[in-house]
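For clarity, every value in this text was computed on a predicted model and none was experimentally measured.
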Amino acid sequence: MTYRHPEALATVEWLAEHLDDPSVRVVDARFAIRPTAGRTLEAVAERDAYREAHIPGAVFVDVMGDLSDADDPVVVVSPERFEDLMSRLGIGDGTTVVVYDGQGGTWAARLWWALRYYGHDAVMLLDGGFTCWLAADLPVDSGVPDPSPATFTARVRPELRVDADQVAQAIGCDDVCIVDALPEVFFTGAARLYPNHRAGHIPTAHNVPAPSHVDPVTHRLLPASALARLWEPVGLEPSRRVITYCGGGVFGAYALFALHVMGHENAALYDASWTEWGADPSRPVETGPKAATHDRYQPTNPRRQ
């Protein structure tokens, strides 16, 4: 079994050969979740790590701050602001983008999705990310490039994104599958992703954690056969639409990336994800493992809270 879209992945060897190609722009999207003194988790863009060492010529993107709408932070940045951001990064309509992070692409996929949402298909994730780059003993740099502004034209693809009302309508539908891409501990409700949000998941959702797609040692995407086994419980069919979500549209974007590599294109991201849903008491929530094994959502389900 092979990937249906292997071109969505760039190998470190390919990238090393194209570092001097003016039509290729490398983007460092490293991000980290760190514990705080108050025993909570803090999301941090790894700008300091970027300044210390990065792939030569790479520009930096904060996948949460730069790609979130300043007027409505739970959703993706507006088309106009996205165009401005891409222009500053030197990404134009004819640019091939290679984006990487330090976790196998699970964070970088946010930019991969945003570019495709705004009509730009020439984007790849670096297979294995910075981990594989270092393991291959390839060069790094500490200089911050200053690319010439480019012209980027946003062309919105509305089919790649859904909102809360569309997700609510999908609950219990046979032809739509909702997928939670967070780790199982958050899916079951054993832990709260955000202290002030409810615990659990959207009713009828399946749990396919984004990190489970990645080899924990090499950070490379799992082979096609392993991806197929991972998604087998979901029951992927070409006619069945998939809606992915997570905490804030990052891991959910990586689930979409995996689906794309596998050849399943009938999929969209709920980018506001648990940031919005978990804070809204009017939205139903389920807890517990394997809560999505029933075919249809039952309003009287005792796991609803």
Side-chain angles (χ1 to χ4, degrees), residues 33 35 38-43 74 103 106 109 162-214 216 222 226-237 240-259 262 264 267-305:
I33 299 294
R39 296 184 179 181
T40 60
L41 296 177
E42 179 183 27
V74 302
Q103 286 83 36
T106 50
V162 297
D163 59 23
D165 288 338
Q166 290 170 297
V167 174
Q169 293 169 6
I171 294 174
C173 291
D174 292 335
D175 59 348
V176 183
C177 179
I178 303 172
V179 171
D180 184 317
L182 288 169
E184 184 181 13
V185 66
F186 300 117
F187 175 80
T188 62
R192 292 179 185 270
L193 182 63
Y194 305 118
N196 298 321
H197 286 50
R198 294 169 298 164
H201 56 265
I202 296 173
T204 72
H206 290 261
N207 188 212
V208 188
S212 64
H213 297 83
V214 178
L222 294 178
L227 294 181
R229 289 193 299 270
L230 186 64
W231 281 86
E232 186 176 4
V234 176
L236 290 181
E237 298 177 4
R240 197 175 193 202
R241 184 163 173 77
V242 177
I243 294 173
T244 67
Y245 77 94
C246 53
V250 177
F251 279 14
Y254 190 82
L256 286 186
F257 173 78
L259 288 171
M262 296 165 63
H264 188 89
L269 176 68
Y270 172 33
D271 65 328
S273 289
W274 205 250
T275 303
E276 178 180 64
W277 193 280
D280 186 348
S282 72
R283 301 296 185 183
V285 170
E286 284 182 339
T287 59
K290 304 297 287 183
T293 55
H294 49 280
D295 292 331
R296 288 186 176 274
Y297 173 61
Q298 300 296 327
T300 57
N301 191 307
R303 287 177 174 172
R304 180 181 175 184
Q305 65 179 39

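- Sorted by first and then second residue, the side-chain hydrogen bond (donor to acceptor under 3.5 Å, both in side chains) pairs with a member in residues 176-186 read Asp180-Tyr245; sequence neighbours excluded.
- Nearest heavy atoms, His206 versus Pro233: CE1-O, 3.4 Å.
- Partners of Asp280 according to the salt bridge (charged side-chain N to carboxylate O under 4.0 Å, His left out) rule, which considers only residues two or more places apart in sequence or in another chain, are Arg283.
- Proximity of the aromatic rings of Phe257 and Tyr254 is defined here by a centroid distance below 6.0 angstrom, and this criterion is met.
- A search for side chain to side chain contact (heavy atoms under 4.5 Å, CB included) contacts involving Ala272 returns Val74, Val75, Tyr270, Glu276, not counting sequence neighbours.
- Residue Ile202 holds its CD1 atom at 5.0 Å from CH2 of Trp277, rounded to the nearest 0.5 Å.
- Defined by atom type and a distance below 3.5 Å, a donor-acceptor pair is present between the side-chain atoms of Trp231 and His213.
- Considering every non-hydrogen atom in both Val242 and His264, the closest pair reads CG2-NE2, 3.6 Å.
- Ser212 approaches Leu230 most closely through the heavy-atom pair OG-CD2, 3.5 Å.
- Between Ala199 and Val285, the closest heavy-atom pair is O-CG1, 3.2 Å.
- Atoms CD and CG, from Gln169 and Asp163 in turn, are 8.0 Å apart once rounded to the nearest 0.5 Å.
- Arg198 places no side-chain N or O within donor-acceptor distance of the main-chain N or O of Pro284, the cut-off being under 3.5 Å.
- From Thr188, atom OG1 reaches atom NE2 of His201 across 8.5 Å, with rounding to the nearest 0.5 Å.
- Side-chain atoms of Leu236 and Leu259, non-hydrogen and from C-beta on, do get closer than 4.5 Å to each other.
- Within the 3.5 Å criterion, the main-chain N or O of Leu269 finds no donor-acceptor partner in the side chain of Thr244.
- Pairing each heavy atom of Gly172 with each of Thr204, the nearest pair is N-OG1, 3.8 Å.
- Shown here for Pro209 and Pro183, the closest heavy-atom pair between the two residues is CB-CA, 4.1 Å.
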